[in-house]
Amino acid sequence: MTHDKLGDIYLYPSRSKNEFLAINKKSLEKIGYKVKNIDSDFYLELIKGKKNALVVLNWVEDSVYGRSYKRFVQYFFKMIFLILFSKILSKKVIWVRHNFKPHNGNKTNVRYKTICSLYRFLNIKPVPLESYYSKPALSHPLYKTNKKLMSDVIKYKGNDESFSDLIVFFGAVKRYKNLHAILESWPKDVPLKIAGFCGDEDYKKYLKGIIEKNNLIVDWNNKFLSDIELTQLLQNTKFVLLPHAENSMISSGSFYHAIGEGCNIITSNNQFGLSKSNEHSFVTIYEASKISNDYLDEIYVERSQIMQEAMDKYGEAVVCSAWETVLKM
């Protein structure tokens with residue numbers, strides 16, 4: 001899928017802890033755009049009247065928390081200026097909306113709401129990563145190339161290996177992910193592995209209290225996982241638990257990471273989970289009364305089938321096509 005050069009796209013932020021931005025950058029380059037960072041050159045080039053410049057903004061409204069007061073004030077007004085500047089001087093602004101509310105927000109989320117209101121005032125409509133939210137939507141990429149997925153489909157087809165872990169929750173352990181609510185009703189005889197660091201001491205004590213009170217079989221590896229460790233974990237896991245509460249995230253990178261490694265998914269009864277369970281047989285809505293070792297054996301979908309379905313539904317060509325649709329709006 002190659003075209004003549006279509007123009008420049010300025011991407012914010014220029015980097016993140018996961019591969020989401022890097023993968024999308026490759027997709028945009030594949031369909032014919034030159035992708036640049038938003039830095040001092042960006043402001044100079046647009047002031048000089050650069051034509052056909054497109055600006056793609058990720059996590060702007062989410063990222064105004066988790067800083068000191070002084071840094072927050074500077075950053076907050078910097079983000080407002082970025083949005084206004086982009087709207088006035090670029091051809092188009094794409095607001096990629098990832099979440100319903102900020103992960104590190106507070107009870108009122110005034111900063112978040114202010115930036116969302118500014119987007120609406122400027123008539124910059126949100127572009128989600130999931131079509132249940134609105135259309136057109138982008139497609140969240142997988143964390144594997146089609147070539148690697150095809151190789152793994154062949155490797156695992158009819159050859160599911162034994163797994164060391166039945167169900168795993170992975171990633172940073174934060175309150176918004178709703179793990180505490182799931183643990184309150186988790187079956188006593190179904191083992192669960194938690195693989196992720198909790199930086200909130202009060203929340204960590206709260207979770208451990210639930211585990212001890214309910215006498216649960218929980219193995220908690222309280223540390224940050226490297227990319228290699230996470231890949232190895234998912235390759236030896238049957239099911240991944242996504243317990244997020246309603247109206248927290250629009251899309252889940254953990255979902256796409258897990259299915260790229262062929263893991264079945266157990267998710268909360270939220271919009272994202274319902275949408276995915278309607279699309280895929282390997283996604284199951286969590287019901288405490290149903291979860292048992294026998295039930296999990298019954299609903300299990302083979303790893304190779306999940307990988308094939310993931311590639312067909314969310315592979316490289318799909319991501320590129322979604323970008324083309326959104327950028328032509």
Side-chain angles (χ1 to χ4, degrees), residues 17-18 103 143 152 156 160-245 248-249 252-270 272-273 276 282-303 306-307:
K17 292 179 181 179
N18 63 41
H103 294 335
Y143 293 89
D152 284 348
Y156 287 106
D160 259 14
E161 300 172 357
S162 59
F163 305 99
S164 56
D165 297 305
L166 178 61
I167 305 177
V168 165
F169 167 92
F170 72 90
V173 180
K174 296 186 177 183
R175 191 175 290 271
Y176 79 88
K177 293 186 179 180
N178 207 39
L179 187 57
H180 54 281
I182 296 294
L183 287 175
E184 284 287 10
S185 62
W186 192 259
K188 289 181 172 58
D189 60 340
V190 177
L192 172 67
K193 180 165 188 167
I194 301 173
F197 179 72
C198 182
D200 182 335
E201 284 297 320
D202 289 337
Y203 189 52
K204 182 169 70 173
K205 289 178 183 176
Y206 178 43
L207 293 178
K208 286 188 173 182
I210 297 172
I211 293 167
E212 291 173 9
K213 177 188 71 175
N214 294 343
N215 197 26
L216 303 179
I217 309 172
V218 174
D219 173 22
W220 187 350
N221 188 11
N222 188 22
K223 59 171 277 190
F224 288 111
L225 299 182
S226 68
D227 291 342
I228 293 173
E229 287 173 321
L230 176 55
T231 297
Q232 290 174 341
L233 174 72
L234 294 178
Q235 287 174 348
N236 288 286
T237 298
K238 271 191 168 185
F239 291 85
V240 162
L241 175 66
L242 299 178
H244 297 66
S248 59
M249 59 26 164
S252 168
S254 297
F255 172 85
Y256 294 95
H257 210 138
I259 65 173
E261 296 297 343
C263 299
N264 288 253
I265 303 293
I266 297 173
T267 179
S268 295
N269 186 16
N270 54 42
F272 176 81
K276 295 306 179 187
F282 57 78
V283 180
T284 302
I285 300 297
Y286 173 75
E287 291 182 64
S289 61
K290 282 188 173 182
I291 298 295
S292 68
N293 293 304
D294 288 342
Y295 177 70
L296 293 172
D297 284 340
E298 181 185 325
I299 64 172
Y300 177 73
V301 176
E302 287 191 3
R303 189 167 292 260
I306 295 173
M307 289 179 172

Of all residues at least two apart in sequence or in a different chain, which pass the side-chain hydrogen bond (donor to acceptor under 3.5 Å, both in side chains) check with [X]?
| X | answer |
| --- | --- |
| Lys204 | Glu201 |
| Ser226 | Glu229 |
| Lys177 | none |
| Tyr256 | Glu130, Lys276 |

Side-chain heavy atoms of [X] within contact of [Y], under 4.5 Å:
| X | Y | result |
| --- | --- | --- |
| Leu296 | Ile266 | yes |
| Tyr143 | Asp227 | no |
| Pro191 | Asn293 | yes |
| Lys174 | Asp200 | no |
| Leu241 | Leu179 | yes |
| Ile306 | Cys263 | no |
| Thr284 | Ile265 | no |

[atom1]/[X] to [atom2]/[Y] distance, rounded to the nearest 0.5 angstrom?
| X | Y | atom1 | atom2 | value |
| --- | --- | --- | --- | --- |
| Thr231 | His257 | OG1 | NE2 | 5.0 Å |
| Ile259 | Arg303 | CD1 | CZ | 12.5 Å |
| Asn264 | Ile167 | CG | CD1 | 10.0 Å |
| Leu192 | Ile217 | CG | CD1 | 10.0 Å |
| Phe239 | Ile299 | CZ | CD1 | 4.0 Å |
| Tyr156 | Glu261 | OH | CD | 7.0 Å |

Q.
By the ring-ring contact (aromatic ring centres under 6.0 Å, His included) test, which pairs, at least two apart or in different chains, include something from residues 199-224?
A. His180-Tyr203, His180-Tyr206, Phe197-Phe224

What closest approach, in Å, do [X] and [Y] show between heavy atoms, and which atom pair accounts for it?
| X | Y | value |
| --- | --- | --- |
| Pro187 | Ala288 | CG-O, 4.0 Å |
| Val283 | Gly273 | CG1-O, 4.2 Å |
| His244 | Ser268 | O-CB, 3.2 Å |
| Val190 | Trp186 | O-NE1, 2.8 Å |
| Asn222 | Cys198 | OD1-N, 2.9 Å |

For [X], all residues meeting side chain to side chain contact (heavy atoms under 4.5 Å, CB included), sequence neighbours excluded:
| X | value |
| --- | --- |
| Ser252 | Leu242, Met249, Ser254, Phe255, Phe272 |
| Gln232 | Ile228 |
| Ser164 | Asn236 |
| Ala181 | Asn178 |

Expected list for residues 207-215: side-chain donor-acceptor pairs under 3.5 angstrom, two or more places apart:
residue	atom	partner	partner atom	Å
Lys213	NZ	Glu184	OE1	3.1
Lys213	NZ	Glu184	OE2	3.4
Asn214	ND2	Leu183	O	3.4

Q: Go through Leu234 and Phe170 one step at a time and tell me if the side chain to side chain contact (heavy atoms under 4.5 Å, CB included) criterion holds.
A: CA-CA 9 Å; Leu234 294 178; Phe170 72 90; 3.8 Å; yes

Q) Considering residues at least two apart in sequence or located in another chain, which fulfil the salt bridge (charged side-chain N to carboxylate O under 4.0 Å, His left out) criterion with Asp189? A)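 Testing Asp189 for salt bridge (charged side-chain N to carboxylate O under 4.0 Å, His left out), a comparison that skips the adjacent residues, returns none.
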
**Q.** Which residues share a salt bridge (charged side-chain N to carboxylate O under 4.0 Å, His left out) with Lys188, sequence neighbours left out
**A.**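 With sequence neighbours excluded, Lys188 shows a salt bridge (charged side-chain N to carboxylate O under 4.0 Å, His left out) to no residue whatsoever.
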
